[in-house]
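These figures come from a predicted structure and were not determined experimentally. As the structure lists them, so they are numbered: ligands from 1, and atoms in each ligand from 1.
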Amino acid sequence: MGADIIDGKAFAAKLRGRIAEAVADLKRGKGLVPGLAVVLVGEDPASQVYVRNKGRQTLEAGMASEEHRLPATTGQAELLALIARLNADPAVHGILVQLPLPAQIDTAAVIGAVSPEKDVDGFHVINVGRLATGQKALVPCTPLGCLMLLRDRLGDLSGANALVLGRSNIVGKPMAQLLLGESCTVTIAHSRTRDLAATCARADILVAAVGRPEMVKGDWIRPGATVIDVGINRVEGPDGKARLVGDVDFASAAEVAGAITPVPGGVGPMTIACLLANTLTAACRANGLEAPAGLAV
Ligand code: NDP
């Protein structure tokens, strides 16, 4: 194996430590405690685990955490009323509505109801527009985490050929905008892209977010490229047990790439760390302060 392994778990732990220090400074200096409210509708088991982890890590960073658990039968009006209360609460700086929402609820309307200044998921169209026009924005957590890993590995990204594989609103599109903001030459590939292998082979930076287990093969990758694997796919291993793999075939890619994130332990741990970063950013900006350097765009 030739590639360096990008240790997202260690990076995320350091980032959480930095955030906790900044939170302690805010408390001491300004009497300000950043607060995150997480809203969970229904009993989806994976969502329950995510919400628990988010709450725990928020408290560990010294922030205030509140959870609002609503039954799966909750109606749209009730959820919007809760969001309105949280929007108006000065102790809440970040609001996260855990997705997916039950079918009776209009997800776009809920995302649109969260105050853009508290939208720590970065999904509100105002934040999408701010990111696209180079203004200060709250940015979706997963691509923000990928950008931090890339900056840490490569320093200045300007002029690099970057390929983003996937064009979802939560990963692919914001990732492409962030890389454009770093002055990369950005290509976005998707299910209709012709000759994906040749397109990948031109990339100095390859971010894979397709949700297809081990789709990107080593011989698609430019020698020395930096590969960020966002995919989280549960597959059955040879022993019949479930295991997690990324969208990149790690074994063959690691022979060719310069650096690569593993799955698990790469991008995954960065997502919640960046949620904490966004909550800190939102709290700072709500109080007329700059967000700590490197945590926000
Ligand atoms: P989506 O399903 O929303 O988007 C997948 C994208 O991949 C689409 O743009 C789709 O193209 C493209 N695609 C699918 N199949 C192919 C193919 N065969 N060739 C080329 N492009 C293809 O997924 P997400 O963006 O939400 O997530 C992507 C992956 O990242 C998933 O594995 C998910 O679990 C993981 N993830 C990980 C997170 C983390 O914290 N680490 C957070 C969020 C997601 P088209 O638009 O044409 O259909």
Starting from atom 42 (C) of ligand 1, what is the nearest protein heavy atom, named by residue and atom, and what distance separates them?
T142 OG1, 3.3 Å
Does the side chain of E214 reach to within under 4.5 Å of the side chain of V235, using non-hydrogen atoms?
no
So which heavy atom in the protein is nearest atom 10 (C) of ligand 1, and how far is it from that ligand atom?
S191 N, 4.4 Å
Below 4.0 Å from ligand 1: does a non-hydrogen atom of G172 turn up there or not?
no
Which atoms of ligand 1 are found less than 4.0 Å from any heavy atom of N233?
32 (O)
Run the numbers for me: atoms of ligand 1, each under 4.0 Å from some heavy atom of G268, listed by number.
41 (N)
Under 4.0 Å from a heavy atom of V230: give me the atoms of ligand 1 that qualify, with their elements.
30 (O), 35 (C), 36 (N), 37 (C), 41 (N)
Near G211 (heavy-atom distance under 4.0 Å), the atoms of ligand 1 are 28 (C), 29 (C), 31 (C), 32 (O)
Are R52 and E67 ion-paired here, with the side-chain N under 4.0 Å from a carboxylate O?
no
Testing the basics here: between V263 and V245, what is the closest heavy-atom pair and its distance to 0.1 Å?
CG1-C, 3.6 Å
Given the protein's heavy atoms, is any one of them under 4.0 Å from atom 30 (O) of ligand 1?
yes
Is it true that D25 and K30 have a side-chain N and a carboxylate O under 4.0 angstrom from each other?
no
Test side chain to side chain contact (heavy atoms under 4.5 Å, CB included), reference T142, set I170, T271, D121, output is T271
Assess T193 for proximity to ligand 1: is some non-hydrogen atom of it under 4.0 Å away?
no
Is L196 in polar range of ligand 1, meaning some N or O pair under 3.5 Å apart?
no
Could you state whether L150 and M270 fall into the same hydrophobic cluster, counting links through intermediate Ile, Leu, Val, Met, Phe, Trp or Tyr residues with side-chain heavy atoms under 4.5 angstrom apart?
yes
In ligand 1, the atoms that come under 4.0 Å of a heavy atom of G166 are 6 (C), 7 (O), 9 (O)
For T271, take its heavy atoms, then give the atoms of ligand 1 lying under 4.0 Å from any of them.
39 (C), 40 (O)
Of all protein heavy atoms, the one nearest atom 33 (C) of ligand 1 is I232 N, 4.2 Å
Please list the nearest protein heavy atom to atom 44 (C) of ligand 1 with its residue and the distance rounded to 0.1 Å.
V171 CG2, 4.0 Å
What do you reckon, is OH of Y50 surrounded by more than 12 foreign heavy atoms closer than 6.0 Å?
no
Pick one: which of R130, R285, K136 meets salt bridge (Lys or Arg N to Asp or Glu O under 4.0 Å) with E117?
R130
Heavy-atom contact check, 4.0 Å cutoff: does M215 meet ligand 1?
yes
Nearest non-hydrogen contact with atom 8 (C) of ligand 1 belongs to which option: H190, R167, K173?
R167
Is the closest basic N to carboxylate O distance between K14 and E21 below 4.0 Å?
no
Using side chain to side chain contact (heavy atoms under 4.5 Å, CB included) as the criterion, point out the one residue from L86, L36, V38, T58 that pairs with E66.
L86
Of all the non-hydrogen atoms in the protein, which one sits nearest to atom 15 (N) of ligand 1, and at what distance?
R212 NE, 3.0 Å
Please identify which atoms of ligand 1 are closer than 4.0 Å to at least one heavy atom of V267.
41 (N)
Under 4.0 Å from one or more heavy atoms of I170, ligand 1 contributes atoms 26 (O)
Look at the side-chain heavy atoms of Ile, Leu, Val, Met, Phe, Trp and Tyr, link any pair under 4.5 Å apart, and say whether V248 and V256 land in one connected group.
yes
Between F123 and the options L99, L96, V97, the side chain to side chain contact (heavy atoms under 4.5 Å, CB included) test singles out L99
Shortest protein contact, atom 25 (O) of ligand 1 (heavy atom only)
S168 OG, 2.5 Å
Return the closest protein heavy atom for atom 22 (C) of ligand 1 as residue, atom name and distance.
V210 CG1, 3.4 Å
So, N278 versus T281: side-chain donor-acceptor pair below 3.5 Å or not?
no
